[in-house]
Amino acid sequence: MLDPKFIRSNPDVVMTGLSNRGAEIAPVENFLSVDEEWRKLTTRLDQLKARRNDASVKIAGLKQKKEDASVILSEMKGLSDEIKSLEDEQKNFEHQIEEIMLSIPNIPHVSVPNGKNCRDNLQVRMWGEKRKFDFTPLPHDELGKKLDILDFDRAAKISGSRFVVYKGLGAALERALISFMLDLHIKENGYTEVMTPAMVLPESMRGTGQLPKFEEELFRCRDDELYLIPTAEVPVTNLHREEILPKESLPIKYAAWTPCFRREAGSYGKDVKGIIRQHQFNKVELVKFVEPEKSYDELEKLTADAELVLKKLNLPYRVMQLCAGDLGFSAAKTYDIEVWFPSENQYREISSCSNFESFQARRAGIRYRPAKDAKPEFVHTLNGSGLAVGRCFAAILENYQTKEGKLEIPEVLRRYL
RNA sequence: GGAAGGGUGGCCGAGUGGCUUAAGGCGCUCGCUUGGAAAGCGUGUGUACCGAAAGGUACCGUGGGUUCAAAUCCCACCCCUUCCGCCA
């Protein structure tokens with residue numbers, strides 16, 4: 001959610017930012033007019049209430065002295081009715097404003113390049129050497145089947161399409177990756193591990209921006225008001241919903257492994273082979289709560305923390321900066337990390353690291369006190385995959401396969417297997 | 001699932017519809033005191049919104065209702081605790 005005061009005083013900045021990312025500007029105009037009405041009404045209503053409060057004191061005084069209060073009483077009856085009907089109107093405006101505000105995406109940071117879609121993203125850097133194969137590398141799913149460590153058929157039998165069963169060494173490798181990533185972030189990068197529920201209330205989804213706009217992306221329980229999380233970003237960011245954090249506690253850095261659940265509505269026919277796009281997958285997520293002035297430095301560090309996983313695994317990757325048109329709803333700036341898939345001869349996203357500035361914090365009410373006696377301010381939140389485990393598994397299969405159709409285990413993972 | 005009891009400022013905890021501007025305590029702030037501290041005394045101590053300001057308004061789990069007036073009365077819902085039942 002954007003700052004209403006900022007929209008009021010800088011409508012042109014907001015509209016430019018939104019157009020740059022290809023979003024509608026109508027909601028902003030809509031907000032400005034409803035907000036105007038709301039303020040007029042609120043001022044009037046507050047005055048009427050002030051009168052009512054005065055009268056209340058007088059009535060109490062008269063009753064105390066056993067004097068007649070019927071005149072002022074009947075006056076107040078009318079006033080009270082007026083207040084009630086104006087309050088209904090006010091509530092109506094407030095609901096409208098809330099709905100509008102929740103539908104407006106974040107505006108891109110000044111450093112974000114313009115562009116329409118992923119083709120306009122900028123390569124920031126590249127790391128690692130692509131291995132020269134003296135044979136044709138197999139796609140990860142074929143190798144996985146051959147090694148009997150991935151079972152797509154039985155997964156389809158028990159759960160339908162876009163699921164996979166990890167078997168034997170496959171299950172162990174997935175588990176090893178999770179442990180390796182968590183250990184790295186906890187011991188070397190200074191994050192605190194948390195293990196959270198994978199089901200959350202609608203308020204939590206609203207806090208991070210998945211609701212109300214992207215409900216079709218989520219799995220929802222039929223009989224309970226609960227959603228399966230599409231990313232650990234949701235429960236972890238919401239850990240501090242409606243809190244005022246002590247300044248000394250910042251930056252707060254969490255690392256969490258969770259399963260993630262996505263309906264993938266609208267991506268029929270996309271990445272149907274392999275484990276790239278599943279309804280359920282494992283992810284180690286990094287989440288930070290930081291002071292506003294430091295959030296862009298923290299974004300660079302966060303991205304570096306995620307990159308370190310790939311460096312240690314010796315997997316070639318590149319870092320892309322998303323253009324305005326490719327930014328997610330809540331993000332102000334995002335780096336995607338893409339890992340090399342030799343069988344496809346292309347890089348594929350394995351991590352997305354974003355600064356949300358105060359967008360999520362405002363929705364979720366996450367604040368801190370900049371100084372003693374100062375008013376609370378919204379923190380900046382950031383998160384990034386560190387990394388998507390399934391995609392990392394696939395990248396290892398592809399990059400570490402041998403001519404004989406076997407798999408070499410990356411050095412850093414051996415102690416976990 | 002059944003029964004009972006509860007949700008009030010950072011915490012504890014009062015609160016017969018109107019001198020409630022939410023008592024009192026703890027904690028914390030600043031000051032007095034002191035060689036320094038403790039104790040003691042005093043002072044301050046929530047959040048949000050509107051407003052240039054003065055000031056005003058709202059908030060006692062949530063949402064409705066009654067009333068001139070609700071933390072207080074009524075209704076519904078949510079959550080927590082304890083006990084019973086069932087179950088890993």
Side-chain angles (χ1 to χ4, degrees), chain A residues 1-10 31-102 195-207 211 220-221 223-227 235 238-250 252 358-379:
Chain A
M1 195 152 72
L2 301 175
D3 181 356
K5 286 180 191 153
F6 184 80
I7 302 182
R8 264 180 223 147
S9 46
N10 308 279
F31 164 78
L32 289 171
S33 76
V34 179
D35 179 62
E36 176 84 39
E37 297 289 312
W38 173 80
R39 273 187 296 164
K40 270 191 222 157
L41 181 64
T42 299
T43 305
R44 167 120 183 272
L45 201 43
D46 283 356
Q47 288 165 354
L48 296 180
K49 283 180 180 173
R51 265 177 60 198
R52 181 177 69 182
N53 290 344
D54 283 349
S56 264
V57 175
K58 278 185 199 137
I59 292 168
L62 290 174
K63 295 237 171 181
Q64 198 82 26
K65 287 181 266 174
K66 311 259 186 219
E67 287 174 25
D68 177 47
S70 58
V71 178
I72 190 163
L73 231 50
S74 63
E75 252 176 66
M76 284 307 108
K77 174 74 180 156
L79 180 67
S80 201
D81 288 344
E82 190 183 358
I83 287 175
K84 205 162 285 182
S85 83
L86 290 181
E87 271 179 338
D88 286 346
E89 234 179 288
Q90 185 193 38
K91 233 170 257 175
N92 184 23
F93 282 139
E94 283 168 357
H95 287 143
Q96 281 183 54
I97 289 171
E98 196 195 354
E99 202 177 315
I100 296 166
M101 291 300 284
L102 287 176
M195 209 180 278
T196 66
M199 302 172 85
V200 300
L201 295 166
E203 296 94 284
S204 297
M205 289 292 187
R206 208 175 311 121
L211 287 179
R220 190 182 55 218
C221 296
D223 295 325
D224 299 281
E225 270 289 303
L226 287 169
Y227 293 85
N238 279 282
L239 278 176
H240 295 299
R241 176 149 49 88
E242 305 299 335
E243 289 185 19
I244 299 175
L245 302 164
K247 187 184 178 180
E248 316 82 70
S249 69
L250 303 179
I252 296 174
S358 59
F359 189 86
Q360 294 181 327
R362 183 168 282 108
R363 285 176 164 242
I366 309 168
R367 295 174 291 173
Y368 81 110
R369 208 177 290 281
K372 257 199 173 67
D373 305 323
K375 282 185 57 167
E377 278 178 26
F378 292 108
V379 299

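The sequence lines fix the lettering, A, B, ..., with proteins before strands; numbering per chain opens at 1. Note that the coordinates shown come from a computational prediction; the quantities given were computed from them, not determined experimentally. The figures that follow rest on heavy atoms only: side chains count, while hydrogens, waters and symmetry mates do not.
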> Run the side chain to side chain contact (heavy atoms under 4.5 Å, CB included) check on A:Val200 and A:Leu226 step by step: do they pass?
Replying inline: CA-CA 5 Å; A:Val200 300; A:Leu226 287 169; 5.7 Å; no

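- Spacing of C1' atoms, B:rA4 relative to B:rG9, comes out at 29 Å, to the nearest Å.
- When the P atom is used for both B:rU81 and B:rG27, the distance is 29 Å, rounded to whole Å.
- Checking the phosphate oxygens (OP1, OP2) of B:rU47, a side-chain nitrogen or oxygen of A:Arg369 falls inside 4.0 Å.
- Here the side chain of A:Arg206 pairs no donor or acceptor atom with the backbone of A:Arg363 at under 3.5 angstrom.
- A residue-by-residue look at A:Ile244 and A:Val57 shows that A:Val57 has its nearest nucleotide of RNA chain B further toward the 5' end.
- Stem list for RNA chain B (at least 3 consecutive Watson-Crick or G-U pairs, distances under 3.5 Å): B:1-7 with B:78-84, B:10-12 with B:24-26, B:30-32 with B:40-42, B:46-50 with B:55-59, B:61-65 with B:73-77.
- The distance from the CG atom of A:Leu250 to the CZ atom of A:Arg369 is 12.5 Å, given to the nearest 0.5 Å.
- Rounded to whole Å, the separation between the C1' atoms of B:rG15 and B:rG24 comes to 11 Å.
- Considering only residues two or more places apart in sequence or on other chains, A:Phe31 meets the ring pair (Phe, Tyr, Trp, His ring centres under 6.0 Å) condition with none of them.
- The gap from the P atom of B:rG25 to that of B:rU43 amounts to 11 Å, rounded to the nearest Å.
- For A:Arg367, a side-chain nitrogen or oxygen approaches OP1 or OP2 of B:rA48 to under 4.0 Å.
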For residues 1-9 of chain A, run the donor-acceptor check on the side chains, cut-off 3.5 Å, and write out each pair with its distance to 0.1 Å, sequence neighbours left out.
unit_1 : atom_1 : unit_2  : atom_2 : d
A:Asp3 : OD1    : A:Lys5  : N      : 3.0
A:Arg8 : NE     : A:Asp35 : OD2    : 2.6
A:Arg8 : NH2    : A:Asp35 : OD1    : 3.1
A:Ser9 : OG     : A:Lys5  : O      : 2.8

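- The same atom, C1', is picked in B:rC74 and in B:rC26; the two are 36 Å apart, to the nearest Å.
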>> As a quick check of understanding, evaluate side chain to side chain contact (heavy atoms under 4.5 Å, CB included) for A:Tyr227 and A:Met199, giving each step before the final call.
In response: CA-CA 5 Å; A:Tyr227 293 85; A:Met199 302 172 85; over 6 Å; no

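- Listed by first and then second residue, the side-chain hydrogen bond (donor to acceptor under 3.5 Å, both in side chains) pairs that reach into residues 44-53 of chain A are A:Arg44-A:Glu82, A:Lys49-A:Glu87, sequence neighbours excluded.
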>> Return a single string for nucleotides 49-70 of chain B, one symbol per nucleotide in 5' to 3' order, where B is base contact, S is sugar-phosphate-only contact and - is none, cutoff 4.0 angstrom on heavy atoms.
In response: SSS----BSS-----S-SBBS-

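- Partners of A:Glu99 according to the side-chain contact (heavy atoms from CB on, under 4.5 Å) rule, which considers only residues two or more places apart in sequence or in another chain, do not exist here.
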>> Using the rule given for side chain to side chain contact (heavy atoms under 4.5 Å, CB included), can you reason through A:Arg362 versus A:Ser358, listing the C-alpha separation, both sets of side-chain angles and the distance that settles it, and then say yes or no?
In response: CA-CA 6 Å; A:Arg362 183 168 282 108; A:Ser358 59; 3.3 Å; yes

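- Across the P atoms, B:rA69 and B:rG31 are found 47 Å apart, a figure rounded to whole Å.
- For B:rC12 and B:rC60, the C1' atoms lie 16 Å apart once the distance is rounded to whole Å.
- B:rG10 and B:rU45 have their C1' atoms separated by 10 Å, given to the nearest Å.
- For B:rG51, the base is anti relative to its sugar; the glycosidic angle deviates from 0 by more than 90°.
- Atoms CD (A:Glu242) and C1' (B:rG9) sit 16 Å apart, rounded to a whole Å.
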